[in-house]
Amino acid sequence: LFHLFAPTSALPMLVNELASLFLYFTLGLPYLLWDFLKDGRRLLPRWLSGATVLMGGVTTLLLNYRFYSAAIALTVVAIFSLFVFKRIGLLRAFLLGGFIAGWGFSFALMLRLAVEQLGLRHILDQERLALTERMRGNFMAAFDALFQSYGMGTGLGLTSLRGVWTRVLAEAGVVGFALYLAFFLNMLYDLYRVRRSARVVVSNVSFISLAVFLFFVSLYVENPYGAYVWVWYALWGLFA
């Protein structure tokens, strides 16, 4: 948002790392919403978690990248159901959800009208094109590397592929890919299995965040060693 309304004073790191910015925001969104909604002691002040969610959501809406919008929408629905449905029932939850959706749509519409009036459309188009260019799939290249290495992989960090699954498949081979997938699926199963414990909400939030990474944002991790660093993120989610 800062770059949009003050393009000459933008922070280059944030502008050039839009894919990573969305990735971290999407992973943290379940925890931010949980911290915002829950009663009692919070990790962050409510105004800070709310402001972060608002700015991240608005930036996503402005760039109109449907993949991230879908991930955010699913996260909001999942967290909303955890907190609201059990407390106020189906009908009230449905009405409240409709009200929030209508308010959000109205806010997004007003924001787009403001962008049009301020003549900022070309900046948005440039950012959207840059983001799309950096988020192309590499599955065919991964299969080519796997075929050339006879299923053994090329070695860790030796490809320029983007995305966790394409990189692990090309670099770690069939065996490494199977072990990596089994690790994450086992992690999800552990989080699902403890859903009836005293800390049920935290385990569900970790499950949502890890699932969003596994099935959505992991496709666009760009760092050469990022595919393997995310194992530690999964462990942290489990310990949470």
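Hydrogens, waters and symmetry mates are skipped; everything else that's a heavy atom, side chains included, is used. Nothing fancy with the numbering, it's 1 onward along the sequence.
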Are F36 and V53 close enough that some pair of their side-chain heavy atoms sits under 4.5 Å apart?
no
Taking ILVMFWY side chains as joined if any heavy atoms are under 4.5 angstrom apart, and letting links pass through other members, which residues group with V175?
L179
State the CG-CG distance between L185 and D190, to the nearest 0.5 angstrom.
11.0 Å
Can you tell me how far apart CZ (F25) and CG (L27) are? Round to the nearest 0.5 Å.
11.0 Å
What is the distance from atom CG of L33 to atom OG of S209, rounded to the nearest 0.5 Å?
11.0 Å
Starting from W47, can I reach Y31 by hopping between I/L/V/M/F/W/Y residues whose side chains sit under 4.5 Å apart?
yes
Is there a path of hydrophobic side-chain contacts, each under 4.5 Å between heavy atoms of I, L, V, M, F, W or Y residues, that connects V77 with V205?
no
Could you check whether W165 and F177 have their ring centres less than 6.0 Å apart?
yes
Short question: side chain of D35, backbone of L43 - any donor-acceptor pair under 3.5 Å?
yes
Per-pair distances, 0.1 Å, donor-acceptor, side chain in residues 142-157, under 3.5 Å, sequence neighbours excluded:
from: S149; atom 1: OG; to: A145; atom 2: O; distance (Å): 3.0
from: S149; atom 1: OG; to: L146; atom 2: O; distance (Å): 3.2
from: S149; atom 1: OG; to: G153; atom 2: N; distance (Å): 3.0
from: T154; atom 1: OG1; to: A170; atom 2: O; distance (Å): 3.4

Shortest non-hydrogen pair, W34 vs I79, comes out as N-CG2, 4.2 Å
Under the 3.5 angstrom rule, does the side chain of S49 hit a backbone N or O of L44 as a donor-acceptor pair?
no
What are the two closest heavy atoms between L188 and A211, and how far apart are they?
CD2-N, 4.0 Å
Results of side-chain contact (heavy atoms from CB on, under 4.5 Å) for F184 - residues two or more places apart only
Y180, L210, F213, L214, V231, A234
Does any N or O in the side chain of T166 come within less than 3.5 Å of the main-chain N or O of G163, such that one atom is a donor and the other an acceptor?
yes
Which atom of P30 lies closest to which atom of T75, heavy atoms considered:
CG-CG2, 3.5 Å
